[in-house]
Q: 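My questions will all concern the structure given below.
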2 protein chains.
Amino acid sequence: MHSISEENYIKAIYHLQEGQALVSTNDIAGRMKTKASSVTDMLKKLADKKLAEYIPYKGARLTENGVLCANQIIRKHRLWEVFLVEKLDFSWDEVHDVAEQLEHIQSPKLTNELDKFLNYPKHDPHGDPIPDSKGNYEKYTQVALGDLEIGQQGVLTGVVNTSRDFLRYLDKHEIKLGAQIQLLEIEEFDGSCRVKSDGRELYISKQTVESLFVKIK
Amino acid sequence: MHSISEENYIKAIYHLQEGQALVSTNDIAGRMKTKASSVTDMLKKLADKKLAEYIPYKGARLTENGVLCANQIIRKHRLWEVFLVEKLDFSWDEVHDVAEQLEHIQSPKLTNELDKFLNYPKHDPHGDPIPDSKGNYEKYTQVALGDLEIGQQGVLTGVVNTSRDFLRYLDKHEIKLGAQIQLLEIEEFDGSCRVKSDGRELYISKQTVESLFVKIK
DNA sequence: ACTAATTTTTAGGTTTGCCTAAAAATAGAT
DNA sequence: ATCTATTTTTAGGCAAACCTAAAAATTAGT
Ligand SMILES: [Mn+2]
Ligand SMILES: [Mn+2]
Ligand SMILES: [Mn+2]
Ligand SMILES: [Mn+2]
């Protein structure tokens with residue numbers, strides 16, 4: 001199988017290649033917090049294993065096989081996050097580092113039994129979709145909260161930023177995934193917004209507005 | 001912290017040093033399925049880290065710190081085994097390889113929440129005791145089933161041998177941990193036994209008798 | 001006690017994944 | 001088009017964990 005290091009690179013490339021035709025060595029280095037030279041080493045290895053296409057000096061992109069592999073890792077990561085929050089009383093800002101380890105456990109039976117035990121959840125605690133055992137997942141149209149029209153409403157489905165501080169901030173203000181949310185007003189001056197969520201009216205900063213995704217029907 | 005490799009050596013030494021004053025390089029190599037030279041390398045490293053005392057040409061033994069560390073790994077291993085059997089429908093002969101990976105996940109919170117979620121189990125699916133968060137565990141006197149007196153009875157508490165074949169054999173003959181078991185007769189010829197378990201009388205081989213532990217009051 | 005067999009260590013080598021520093025390629029600015 | 005800044009690769013090295021083969025120490029047999 002693949003080493004933990006290989007898996008972490010695969011996941012990083014997967015997340016970076018959305019939209020992009022090719023992902024640059026430097027971008028991967030940034031996300032992995034390693035040096036560009038280490039990335040080059042790994043890209044050659046992933047290309048050898050037919051998990052990525054690699055064009056020297058141009059960049060890389062996962063092959064079909066690489067994408068499949070990425071989906072399995074992401075599936076495990078997100079299932080474990082659900083487990084930690086739903087069964088073990090972790091809060092959603094505590095799960096990431098542990099899931100980062102658990103995603104590398106190799107046992108298809110474990111993954112599938114966990115999925116069953118959790119009742120085949122479709123989304124993780126941060127609102128991100130969970131691929132099924134074949135790698136398929138629901139892609140609904142998400143829009144940044146700030147891109148709604150004034151008065152338009154949607155369901156809060158995800159967060160862009162999963163920093164501890166940001167998740168704690170949301171908890172403190174009782175902003176929860178799944179809540180109905182309506183954009184009432186955008187302040188020209190600083191980009192902050194007035195929104196209505198579950199009946200309550202609240203003011204949130206420009207930064208927060210840009211970090212929240214909503215699903216619109 | 002400690003690498004996965006270090007942890008596996010610590011666990012191996014822990015299991016081997018029961019009774020023994022010092023564990024030999026060769027014994028460790030045997031259990032770890034590595035070469036003696038690799039063991040020597042690791043023993044030096046564990047000694048540097050004050051996890052083991054190592055006397056060249058004589059052998060090694062865990063320090064107090066090493067034992068503490070072993071207990072934590074074993075605690076995690078056995079808690080995950082309980083989880084797999086009780087919550088995810090694994091059978092007791094399928095859990096070992098996965099637990100071998102899960103035991104290395106680093107998160108004290110995860111371990112303790114898992115313990116709580118499982119209702120603080122005292123024994124794993126093979127009857128082995130689970131250390132608590134301080135490393136203490138219940139040591140009751142277990143006796144090999146074959147060492148009972150004729151007519152004496154006890155509660156089946158554990159298995160020595162956790163090979164797949166053996167565990168499947170026990171399942172097939174419905175020999176279950178926790179069952180009351182009485183030794184009725186030992187056959188001089190081949191050492192096989194007649195026992196009564198949960199009312200049923202059955203014949204079991206010498207090898208099986210030696211692989212089963214019972215608790216006597 | 002001496003020799004032979006066994007055990008253990010040392011020496012030297014490999015692979016994986018990382019690093020720094022230098023060289024080469026590419027992209028950007030005038 | 002040329003020069004400059006940035007990006008990327010190469011070269012060479014290091015640590016962890018493994019290996020084989022040879023040397024050294026220990027143990028066992030007589
Ligand atoms: Mn990871
Ligand atoms: Mn998540
Ligand atoms: Mn292990
Ligand atoms: Mn067990």
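So you know, we letter chains A, B, ... as the sequences are listed, proteins then strands, and number each from 1.
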Q: Tell me the interatomic distance from A/Ile55, atom CD1, to C/dA25, atom C1', rounded to whole angstroms.
A: 15 Å

Q: For B/Tyr54 and C/dT9, is the shortest distance between a side-chain N/O and OP1 or OP2 below 4.0 Å?
A: yes

Q: For C/dT10, take OP1 and OP2 only and decide whether either is under 4.0 Å from a side-chain N or O of B/Thr40.
A: no

Q: Can you check whether B/Lys35 has a side-chain N or O nearer than 4.0 Å to OP1 or OP2 of D/dT20?
A: yes

Q: Would you kindly give the CD1-to-C1' distance between A/Ile4 and C/dT15, to the nearest whole Å?
A: 17 Å

Q: As a quick check of understanding, evaluate side chain to side chain donor-acceptor pair (under 3.5 Å) for B/Asn8 and B/His104, giving each step before the final call.
A: CA-CA 9 Å; B/Asn8 284 332; B/His104 303 292; 3.0 Å; yes

Q: Using a cut-off of strictly less than 4.0 Å, decide whether B/Lys58 has a side-chain nitrogen or oxygen near OP1 or OP2 of D/dA25.
A: no

Q: For DNA chain D, which residues of residues 5-19 of chain B approach it to below 4.0 angstrom with any heavy atom?
A: B/Ser5, B/Tyr9

Q: From CG of A/Asp41 over to C1' of D/dA11, roughly how many Å is that when rounded to an integer?
A: 11 Å

Q: Using heavy atoms to find the nearest nucleotide of DNA chain C for A/Thr34 and B/Pro56 separately, return the residue whose nucleotide is more 5′.
A: B/Pro56

Q: Using atom OH of B/Tyr57 as one end and atom C1' of C/dT10 as the other, report the distance to the nearest whole Å.
A: 8 Å

Q: So does B/Ser38 get a side-chain nitrogen or oxygen closer than 4.0 Å to the phosphate oxygens (OP1/OP2) of D/dC18?
A: no

Q: Taking A/Thr40's backbone N and O only, do any of them form a donor-acceptor pair with A/Thr25's side chain (distance below 3.5 Å, no angle check)?
A: no

Q: Taking only N and O in the side chain of A/Ser37, is any of them less than 4.0 Å away from OP1 or OP2 of C/dT20?
A: no

Q: Does the A/Arg78 side chain pair with the main chain of A/Pro129, one donor and one acceptor, at a distance under 3.5 Å?
A: yes

Q: State whether the side chain of B/Asn112 and the backbone N or O of B/Pro108 hold a donor-acceptor pair below 3.5 Å, judged by distance alone.
A: yes

Q: Give the rounded distance in Å between these two atoms: CE of A/Met42 and P of C/dT16.
A: 10 Å

Q: C/dT16 P sits how many Å from A/Met1 CE, rounded?
A: 15 Å

Q: I'd like to know if A/Lys58 and A/Glu53 make a salt bridge, using a cut-off of under 4.0 Å between side-chain N and carboxylate O.
A: no

Q: Can a donor-acceptor pair be found, under 3.5 Å and without considering hydrogens, that links the side chain of A/Glu113 to the backbone of B/Phe90?
A: no

Q: Taking only side-chain N and O atoms of A/Asn26, does any of them lie within less than 4.0 angstrom of OP1 or OP2 on D/dT6?
A: no

Q: Whether A/Lys44 contacts D/dT9 is assessed here as follows: a side-chain N or O lying under 4.0 Å from the phosphate OP1 or OP2. Is that the case?
A: no

Q: How long is the gap from CD on B/Glu103 to CG on B/Leu79, to the nearest 0.5 Å?
A: 12.0 Å

